[in-house]
Amino acid sequence: MKAIQFEAEVIHWRGPAPFFFAPLPKYEADEIARLSKLLTYGWGMIPVDVKISGTEFYTALFAKDGTYFLPLKDAVRKKTGITAGDIISVVMTLRPPKR
């Protein structure tokens with residue numbers, strides 16, 4: 001499937017359970033939106049394999065505010081020392097949904 005590489009500033013969402021995200025840049029978000037009907041497994045979620053600072057993990061992008069947000073799992077953040085405001089380099093591979 002298609003690999004995407006980008007840099008993003010980590011944001012912190014202070015909902016009932018705090019989460020950290022990397023919003024995708026516009027170009028990459030537009031490309032994913034174009035492919036979204038082929039990739040989503042429901043509710044607009046897009047499955048991806050991700051590599052950040054040598055750490056690999058699986059998650060799903062979700063659409064918000066005209067882009068897609070990449071959730072950063074706590075285990076990944078703790079292992080890599082990532083926190084809000086950091087600029088991170090992401091290598092992400094879109095995967096087809098399991099149907």
Closest non-hydrogen atom pair between Gln5 and Glu28, with its separation: O-OE2, 3.8 Å
Pairing of Lys26 and Asp30 as salt bridge, 4.0 angstrom limit: yes
Exercise: identify the closest heavy-atom pair between Pro23 and Glu9: CD-O, 3.3 Å
Minimum-distance pair of heavy atoms, taken over all atoms of His12 and Phe20: CD2-CZ, 3.3 Å
Lys51, NZ atom: more than 12 neighbouring heavy atoms under 6.0 Å: no
Side-chain heavy atoms of Ile88 within contact of Ser53, under 4.5 Å: no
Heavy-atom closest pair, residues Gly66 and Ala29: O-CB, 4.5 Å
Shared hydrophobic cluster for Met45 and Phe19 (ILVMFWY, side-chain gaps under 4.5 Å): yes
Verify same cluster id: Val90, Leu35 (apolar side-chain graph, 4.5 Å): yes
Minimum heavy-atom distance between Pro25 and Glu7, given as atom pair plus value: CG-O, 3.7 Å
Between CG on residue Leu94 and CG on residue Leu61, distance to nearest 0.5 Å: 7.0 Å
Minimal non-hydrogen separation, Ser36 against Tyr68, with atom names: CB-OH, 3.7 Å
Side-chain heavy-atom pair Leu72, Ile52 within 4.5 angstrom cut-off: yes
Main-chain N/O of Ile46 paired to Thr40 side chain as donor or acceptor, under 3.5 Å: no
same_hphob_cluster(Ile11, Trp13) at 4.5 Å side-chain heavy-atom cutoff: yes
Side chain to side chain, Thr59 and Val48, heavy atoms closer than 4.5 Å: yes
Phe21 and Phe62 aromatic ring geometry - parallel, tilted or perpendicular at 30°/60° bounds: perpendicular
Contact check, side chains of Ile32 and Ile4, non-hydrogen atoms, under 4.5 Å: yes
